[in-house]
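As structure tokens, the structure follows; a few thoughts come after it.
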Amino acid sequence: MADPLHTVAAPLREAFAAVTGLPAADIDPVVRNSDRADAQANGALALAKQLGRNPRELAEAVVATGLLADLCSNTEVAGPGFINLTFTPEFLSAQVAEAAASDRVGVRRAATPEIAVVDYSAPNVAKEMHVGHLRTTVIGDALVRMLEFVGHTVIRENHIGDWGTPFGMLIEHMVDLGGVDAELTIDLSDPSAFYKQARAKFDASDEFKDRARARVTLLQSRTDAPTMAIWQKLVDKSADYFDVVYGKLGVLLRRDDIVGESFYQPMMAAMLDRLDQAGLLAESEGAKVVWVPGFKNREGEPLPLIVQARTGGFNYATSDITCVLDRVERLHATLLVYCVGTPQSQHLQMVFKASEMLGVLVPPARAVHVNNGNVLGDDRKILKSRSGEPAMLLDLVDAAIERGRAIVAERSPELPADEKAELANTIGIGALKYAELSSDRIKDYVFDWSRMLALEGNTAPYLQYAHARICSIFRKAEVSRASVRGVTPTIGQSQERALTLQLLQFDAAVHDTLDKFSPHRLCTYLFDLAQAFTSFYEACPVLKDGYEATRESRLALCDLTARVLQQGLALLGIEAPERM
RNA sequence: GCUCCCGUAGCUCAGUCGGAUAGAGCAACGGUUUCCUAAACCGCAGGUCGUAGGUUCGAUUCCUACCGGGGGCGCCA
């Protein structure tokens with residue numbers, strides 16, 4: 001393993017075992033980052049308590065075993081029993097060389113590769129994508145990239161709203177306009193226009209309302225070709241629009257990833273039969289329900305999960321349980337990731353519990369609700385556009401690119417026009433995505449263009465700039481990046497040491513991020529790395545006269561830093577430009 | 001009413017499987033450019049970690065209560 005904290009844990013475990021007589025496998029040496037040394041091991045405190053021994057003496061005994069001598073130049077027992085570890089430069093050099101030699105820059109593959117389904121974005125047909133879709137889309141996409149990178153088989157699913165009562169009025173409105181051949185264009189500045197027209201008609205006319213209701217029934221039967229053709233056209237046109245948004249935003253989702261509610265609809269009756277056979281289906285107030293333990297309604301009575309309305313119709317609980325079933329049984333997924341807003345929390349818990357009771361969602365299969373908070377405006381309410389509606393996603397994307405353009409025009413006027421256009425995109429979209437990813441997903445956050453595009457602080461441009469500066473060094477040196485990859489760097493100055501330690505923790509950062517499904521952890525890591533690099537950059541000249549002896553070594557550190565930055569940003573769905 | 005989540009520096013945010021003086025960025029103040037991109041770096045300053053108890057050798061982290069903010073709580077999704 002390239003991570004020294006990980007590597008040093010093994011001899012520490014042995015040392016603790018030798019001193020305590022406990023099996024090494026049961027011991028956690030509690031190796032952590034430290035501001036007093038390269039790392040600290042806190043395991044002595046807990047073990048001493050457990051064994052009724054003096055923690056300081058235990059720590060001293062561990063150090064006295066000599067098992068750490070190969071890796072550490074200094075092992076000091078401090079305070080109540082912390083073991084402060086300082087790694088030898090040779091050990092760090094070797095670890096860096098190992099990371100540099102791997103095309104994964106030191107990131108381990110997952111111990112057990114799984115099939116994972118990541119459900120994210122989920123817009124509605126005939127409606128606009130707005131700011132509410134931004135976080136789920138960006139977070140889901142980052143998780144997809146990371147899960148794939150560590151070796152899982154990832155299936156992206158875009159669970160779009162393409163079924164249900166609104167389609168009665170939408171289809172009927174199309175019929176009025178001339179049926180399937182009628183003109184239907186999604187106006188990118190008002191993608192919900194068609195929906196609003198249909199809605200207005202529905203609200204104004206009882207006659208239309210009746211036709212719409214009849215049309216829903218016809219749709220549900222899936223037998224009427226003209227109805228299905230119009231429905232398909234609505235879905236296709238919306239998918240075109242979604243692809244425009246996803247393309248500009250630079251996310252992986254495409255129309256092939258669409259698995260809408262309509263897909264599950266034909267399987268719902270069979271799912272209800274299974275619930276029934278399992279003895280889980282009950283009746284309550286005329287509806288078919290599953291009694292999921294642990295949930296209560298306003299009156300303090302048990303709260304049911306309704307899977308079939310009194311009217312006989314299915315709802316999102318029906319759809320979501322069917323969906324779990326499909327993902328586990330057809331796709332053989334063992335990890336079901338739901339990137340959905342926090343308000344769905346209780347609903348999803350009930351769905352997961354019901355699926356578990358059905359014997360479908362059982363180990364090793366499991367589901368995770370990767371919930372996210374809201375994007376707020378200055379008024380602390382959900383970000384609005386000038387019209388007072390939730391801000392449209394495409395407008396935000398375009399505005400990000402426009403702001404990127406302004407920055408490039410000011411800062412990099414010398415670049416060729418096509419490169420400027422690309423850079424504007426890289427910076428603008430990068431800043432927008434990074435703002436979504438860099439703070440804890442479960443909290444609401446306040447949207448602020450000037451902060452996310454700031455060229456300092458924990459922002460995408462800061463990270464991109466660090467990367468570009470490294471590329472510039474190699475351009476100036478006329479040395480190829482690949483040519484220094486065999487070099488084992490020498491760790492001398494404190495900034496080299498700090499950079500090295502940071503570089504070697506990429507693996508831990510990626511895995512920690514995935515353990516918590518929290519992309520902001522990777523962001524924090526990359527920001528720390530960029531800061532460590534810029535400090536190194538100031539203090540450790542690479543190409544200047546008088547530094548020939550350290551040149552190769554520092555070029556190797558630069559190359560690895562750039563690779564980690566580029567790979568790390570790529571895992572977030574953000575590009576790293578070579579010039580800016 | 002029940003329940004879930006959040007509350008850390010003036011602002012925006014990290015951190016917390018219990019550990020040693022709680023960290024960044026912005027803003028403020030003071031420095032650094034004959035030198036690889038100053039979109040940077042270095043320094044200084046700033047916090048009773050919502051409040052009050054409890055457990056512990058040790059609590060911002062765990063438990064309880066309360067205060068403040070937000071979400072959810074049966075036939076829309």
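Lettering follows sequence order; numbering is per chain, from 1. Both backbone and side-chain heavy atoms feed into the values below; hydrogens, waters and symmetry mates do not.
As the counterpart of B/C36, no nucleotide is assigned, since no Watson-Crick or G-U wobble pattern has both distances under 3.5 Å. In this structure, B/G46 forms no base pair with any nucleotide, since neither Watson-Crick nor G-U wobble geometry is met with both distances under 3.5 Å. In this structure B/C41 sits in a base pair with B/G31, meeting the Watson-Crick or G-U test at under 3.5 Å. Judged by Watson-Crick or G-U wobble contacts below 3.5 Å, the nucleotide B/A9 has no partner. Nucleotide B/U60 is matched to nothing when pairs are restricted to Watson-Crick or G-U wobble geometry with both distances under 3.5 angstrom.
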**Report entry** A/Arg481 and A/Cys471: CA distance, side-chain angles, deciding distance, side chain to side chain contact (heavy atoms under 4.5 Å, CB included) verdict
**Finding:** CA-CA 8 Å; A/Arg481 296 268 303 276; A/Cys471 294; 4.0 Å; yes
Query raised in the report: Yes or no on side chain to side chain contact (heavy atoms under 4.5 Å, CB included) for A/Asp559 and A/Phe474, after CA distance, side-chain angles and deciding distance?
Result: CA-CA 9 Å; A/Asp559 171 61; A/Phe474 281 90; 3.8 Å; yes
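Judged by distance alone, with hydrogens and angles left aside, A/Asn84 brings a side-chain donor or acceptor within reach of the base of B/A20, the pair sitting under 3.5 Å. For B/G15, its base never sits under 3.5 Å from the side chain of A/Thr524 at any donor and acceptor pair. Counting distance only, with no hydrogens placed and no angle test, the side-chain atoms of A/Tyr465 and the base atoms of B/A39 include no donor-acceptor pair under 3.5 Å. Looking at A/Gln531, its side chain has no donor and acceptor atom pair within 3.5 Å of the base of B/A24. In this model, no side-chain donor or acceptor of A/Ser319 finds a partner on the base of B/A77 within 3.5 Å.
Electrostatic pairing of A/Lys433 and A/Glu436 does not count as a salt bridge here, judged by no charged N lying under 4.0 Å from a carboxylate O.
A/His347 comes within contact range of no nucleotide atom at all, as no heavy-atom separation falls under 4.0 Å. Here A/Asp545 lies out of heavy-atom contact (under 4.0 Å) with every strand. A/Thr311 comes within 4.0 angstrom of nothing in the nucleic acid, heavy atoms only. In this structure, A/Phe314 reaches the sugar-phosphate backbone alone: every heavy-atom distance under 4.0 Å involves primed, P, OP1 or OP2 atoms, never a base. Within 4.0 Å of A/Lys544, counting heavy atoms only, lies at least one base atom of the nucleic acid. A/Ala78 comes within 4.0 angstrom of a nucleotide base, judged by non-hydrogen atoms across all strands. Contact annotation for A/Cys540: base contact, defined as any heavy-atom pair under 4.0 Å involving a base atom. Within the nucleic acid shown, A/Ala468 comes within 4.0 Å of at least one base atom, counting heavy atoms only. Using a 4.0 Å heavy-atom criterion, one finds that A/Arg451 contacts the sugar-phosphate atoms exclusively. Residue-level contact check: A/Glu285 touches the bases, meaning some heavy atom is under 4.0 Å from a base atom. The residue A/Asn42 sits apart from the nucleic acid: no heavy atom pair falls under 4.0 Å. Among the heavy atoms of the strands, none lies under 4.0 Å from A/Thr165. A/Ser345 comes within contact range of no nucleotide atom at all, as no heavy-atom separation falls under 4.0 Å. Base engagement by A/Gln40 is indicated by at least one non-hydrogen atom pair under 4.0 Å involving a base atom.
Closest contact between the side chain of A/Tyr537 and the listed nucleotides B/A20, B/A24, B/U37 involves B/U37. Of the candidates B/G74, B/C42, B/U37, the closest approach to any side-chain atom of A/Val289 belongs to B/G74. Nearest to the side-chain atoms of A/Leu303 among the listed nucleotides B/G19, B/C75, B/C73 stands B/C73. Considering only the side chain of A/Ala309, B/C75 comes nearest among B/A14, B/C75, B/C26. The side chain of A/Thr534 has B/C41 as its nearest neighbour among B/C41, B/A20, B/C36. Taking only side-chain atoms of A/Arg521, from C-beta outward, the nucleotide of B/C75, B/U16, B/G7 with the closest atom is B/U16. Checked against B/A39, B/A14, B/A40, the side chain of A/Tyr462 finds its nearest nucleotide in B/A40. Across B/C26, B/C36, B/U12, the shortest atom-to-atom separation from the side chain of A/Arg380 is found for B/U12. Of the candidates B/G7, B/A40, B/G58, B/G58 carries the atom nearest the A/Lys49 side chain, counting heavy atoms from C-beta on. Side-chain atoms of A/Lys476 lie closest to B/C36 of the nucleotides B/C13, B/C36, B/G7.
If you measure from atom NZ of A/Lys296 to atom C1' of B/U3, you get 10 Å, rounded to the nearest angstrom. Spacing between atom CG of A/Asn33 and atom C1' of B/A22 amounts to 15 Å, rounded to whole angstrom units. Rounded to an integer number of Å, the gap from CD1 of A/Ile382 to P of B/G70 is 13 Å. What separates CG of A/Leu423 from C1' of B/A39 is a distance of 11 Å, to the nearest Å. Between the C1' atom of B/G72 and the CD atom of A/Gln344 lies a distance of 10 Å, rounded to the nearest Å. As a whole-Å value, the separation of A/Leu526 CG from B/A14 P is 16 Å. In this entry the distance linking CE of A/Met580 with C1' of B/C36 reads 17 Å, nearest Å. Atoms CD1 (A/Ile321) and P (B/A77) sit 13 Å apart, rounded to a whole Å.
For the pair A/Pro304 and A/Gly79, both in contact range of RNA chain B, the more 5′-proximal nearest nucleotide belongs to A/Gly79. Toward the 5′ end of RNA chain B lies the nearest nucleotide of A/Val542, the other residue of the pair A/Val542 and A/Ala287 mapping further downstream.
The backbone N or O of A/Trp163 sits nowhere less than 3.5 Å from a side-chain atom of A/Ser262 that would complete a donor-acceptor pair. Although no hydrogens or angles enter the test, the distance criterion places no donor-acceptor pair under 3.5 Å between the side chain of A/Ser192 and the main chain of A/Tyr195. For A/Glu496 (side chain) and A/Gly492 (main-chain N/O), a donor-acceptor pair under 3.5 Å exists by modelled atom type.
Ring planes of A/Phe447 and A/Tyr445: tilted class, angle from 30 to 60°. In this pair, A/Tyr462 and A/Phe527 present their aromatic rings perpendicular. The plane angle is above 60°, beyond the 30 to 60° band.
A distance cut-off of 5.5 Å between ring centres, combined with a plane angle under 30°, leaves A/Phe82 outside any stacking arrangement with the base of B/G19.
For the P atom pair drawn from B/C57 and B/G18, the interatomic distance equals 16 Å after rounding to whole Å. With P as the reference atom, B/C6 and B/A14 are 12 Å apart, rounded to whole Å. B/G50 and B/C13 have their P atoms separated by 16 Å, with the value rounded to a whole Å. Comparing B/A52 with B/G7, their C1' atoms sit 16 Å apart, to the nearest whole Å. Atom P of B/A39 sits at a distance of 15 Å from the matching atom of B/A27, rounded to the whole Å. Atom name P, nucleotides B/A24 and B/C41: the rounded distance is 13 Å, in whole Å.
Under the 6.0 Å cut-off for aromatic ring centres, A/Tyr338 and A/His159 do not qualify, their centroids lying 6.0 Å or more apart.
You'll find the side chain of A/Thr86 stays beyond 4.5 Å of the side chain of A/Asn84, heavy atoms only.
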